[in-house]
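The chains referred to below are lettered A, B, ... by the order of the sequence lines, with proteins before strands, and numbering in each begins at 1.
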There are 2 protein chains.
Amino acid sequence: MINAGKRSGRPRAGEERLSREAILTAALRIVDDKGIDALTMRRLAATLEVNPMSLYHHLPNKAAVMAGLAELVFAGLEQPDPGDAVPWDEQLKDAARGYRNALRAHPNLALQVLSDTSAVSAVVVVVVEPFYRALDRAGLSPRQVFEAANTLVDFIHGFSLGEASVRTENFDLAPDLITRVEQLPAGKAPVLARVVGELGPEGLAYDFDSGFESGLATLTAGIAATRRR
Amino acid sequence: MINAGKRSGRPRAGEERLSREAILTAALRIVDDKGIDALTMRRLAATLEVNPMSLYHHLPNKAAVMAGLAELVFAGLEQPDPGDAVPWDEQLKDAARGYRNALRAHPNLALQVLSDTSAVSAVVVVVVEPFYRALDRAGLSPRQVFEAANTLVDFIHGFSLGEASVRTENFDLAPDLITRVEQLPAGKAPVLARVVGELGPEGLAYDFDSGFESGLATLTAGIAATRRR
DNA sequence: ACCTGAACACCGTTCAAGT
DNA sequence: ACCTGAACACCGTTCAAGT
């Protein structure tokens with residue numbers, strides 16, 4: 001209790017203990033350390049050694065805290081763009097890897113961010129330029145650029161959702177999938193059962209990195225195919 | 001107040017007012033009508049005209065209610081498989097459309113389901129067979145089938161996430177995107193700005209159906225390309 | 001202007017008591 | 001076995017009062 005003898009009322013000049021930024025930083029720490037459910041206004045205030053109500057002078061409500069977190073995490077995200085030195089598809093893949101890494105940096109927050117339309121569109125608009133640049137270089141029409149970028153972003157979101165869920169729950173995909181397949185009624189999903197059987201536990205030991213690369217390879221190949229028509 | 005004179009204690013035989021199924025059905029109705037946040041144990045009990053605590057005799061806690069909802073919605077989902085009468089890529093697209101439609105049927109629930117690993121893997125294992133069948137027919141190796149199916153499912157999840165968010169918030173993509181692009185610092189995202197400008201409001205009037213089809217086209221083209229190596 | 005304390009209207013859940 | 005009532009330990013937020 002460093003601040004046990006705290007007084008109420010307005011702090012003296014230069015003594016403000018609270019600011020929007022300080023609140024959001026503390027909130028991000030809670031989310032990263034204890035998960036999204038652990039973030040309550042009361043707990044947040046407690047870690048700042050402040051009355052819960054003090055927060056409301058800097059942020060209007062809890063939703064604003066959430067939105068502020070999304071902003072905090074992604075606003076500073078600058079995509080390192082390899083530029084025209086590499087082929088367009090490498091440029092595109094690099095942009096995708098950067099975006100995935102950004103979403104991965106705060107897995108507890110990612111679930112929240114990806115379910116929040118306005119957070120997503122704020123983030124996407126900041127992040128998407130390298131995608132557009134690469135797709136433009138590939139020779140796509142404006143409409144094709146727009147659609148390909150959307151498809152790629154959707155893939156990254158879906159992938160990151162799975163990745164974040166697994167991270168926050170510490171669960172092992174391969175045994176889970178095998179068990180589930182075994183529990184299905186016999187003959188219900190023959191091809192699935194055969195493929196899973198042929199791959200075996202080693203083959204299914206899911207590696208998120210190679211799964212992501214595989215998706216990128218498929219998507220860039222598909223985009224390249226679209227281009228030539 | 002139909003049941004104002006309710007008594008406590010065990011109901012007579014054949015008089016049970018509560019069951020797991022009745023609870024979940026009522027819960028789904030609340031979620032569909034008022035959104036996921038409106039689903040509280042106390043409110044759920046109220047709509048069933050029952051004491052909140054009675055629910056705990058049928059489901060251990062609120063998380064079980066959520067999981068039960070995911071199960072309820074997707075367990076009965078049978079994919080209409082056009083079978084080998086159509087080319088593999090049409091079969092694949094049909095399976096994807098069916099899965100998207102299933103996620104779309106309860107948009108308020110979709111956000112929840114897609115953030116819940118165990119719900120997702122339970123759903124996926126039931127839904128994924130037609131994907132495997134089509135990809136197998138395309139001549140992919142087991143490993144390629146596995147990876148292509150994952151990529152496709154990730155795309156559908158990311159797409160559905162965006163679709164569900166927009167539905168639950170009733171928001172218009174095109175003006176939002178244009179405004180956001182205009183608010184970016186000049187020169188920050190030149191290609192994005194140019195593409196958005198060339199498409200114009202009409203070109204950006206986002207149609208989820210054609211966005212989804214565009215993604216499917218790219219993915220199937222990419223899968224076809226992978227196959228021939 | 002900024003922080004506080006008490007209060008309001010909620011939550012999910014435990015536990016002992018009814019029939 | 002199934003339902004209930006009271007209680008506990010929380011929430012987010014409003015409002016009036018301090019300095």
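In the set D:dT4, C:dC2, C:dG5, the nucleotide with an atom closest to the side chain of A:H57 is C:dC2.
Of the residues A:L177, A:L192, A:V196, the one that meets the side-chain contact (heavy atoms from CB on, under 4.5 Å) test with B:F146 is A:L177.
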Nucleotide-level pairing of DNA chain C, given in dot-bracket where Watson-Crick and G-U pairs need both distances under 3.5 Å and | marks other strands
||.|||||...|||||.||

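Take A:K93 and apply the side-chain contact (heavy atoms from CB on, under 4.5 Å) test, not counting sequence neighbours, and it matches A:E90, A:R97, A:L216, A:T220. With sequence neighbours excluded, the residues forming a side-chain contact (heavy atoms from CB on, under 4.5 Å) with B:S19 are B:E21, B:A22, listed by chain and number. In terms of the side-chain contact (heavy atoms from CB on, under 4.5 Å) criterion, residue partners of B:V195 (sequence neighbours excluded) are, by chain and number, A:Y132, A:P142, A:V145, B:V191, B:L199. Residues that satisfy the side-chain contact (heavy atoms from CB on, under 4.5 Å) test with B:D37, not counting sequence neighbours, are absent from this structure. Applying the ring-ring contact (aromatic ring centres under 6.0 Å, His included) test to A:F212 and every residue at least two apart in sequence or in another chain returns A:F155, A:F159. Not counting sequence neighbours, the partners of B:R20 by the side-chain hydrogen bond (donor to acceptor under 3.5 Å, both in side chains) test are B:E71.
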Quick test: give all pairs of protein nitrogen or oxygen and nucleotides 11-13 of chain C nitrogen or oxygen below 3.5 Å, distance rounded to 0.1 Å.
from	atom 1	to	atom 2	distance (Å)
C:dG12	OP1	B:M41	N	3.0
C:dG12	OP1	B:K62	NZ	3.2
C:dG12	OP2	B:M41	N	2.9
C:dG12	OP2	B:R42	N	3.3
C:dG12	N7	B:R42	NH1	2.4
C:dG12	O6	B:R42	NH1	2.9
C:dT13	OP2	B:Y56	OH	2.8
C:dT13	OP2	B:K62	N	3.0

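Close to C:dC3, at under 4.0 Å from its OP1 or OP2, lies a side-chain N or O of A:H58. A sub-4.0 Å separation between OP1 or OP2 of D:dC2 and a side-chain N or O of B:S54 is absent.
The list of side-chain hydrogen bond (donor to acceptor under 3.5 Å, both in side chains) pairs with a residue in residues 24-33 of chain B, not counting sequence neighbours, reads B:D32-B:H106.
A straight line from CG of B:L55 to C1' of D:dA1 spans 16 Å, rounded to a whole angstrom.
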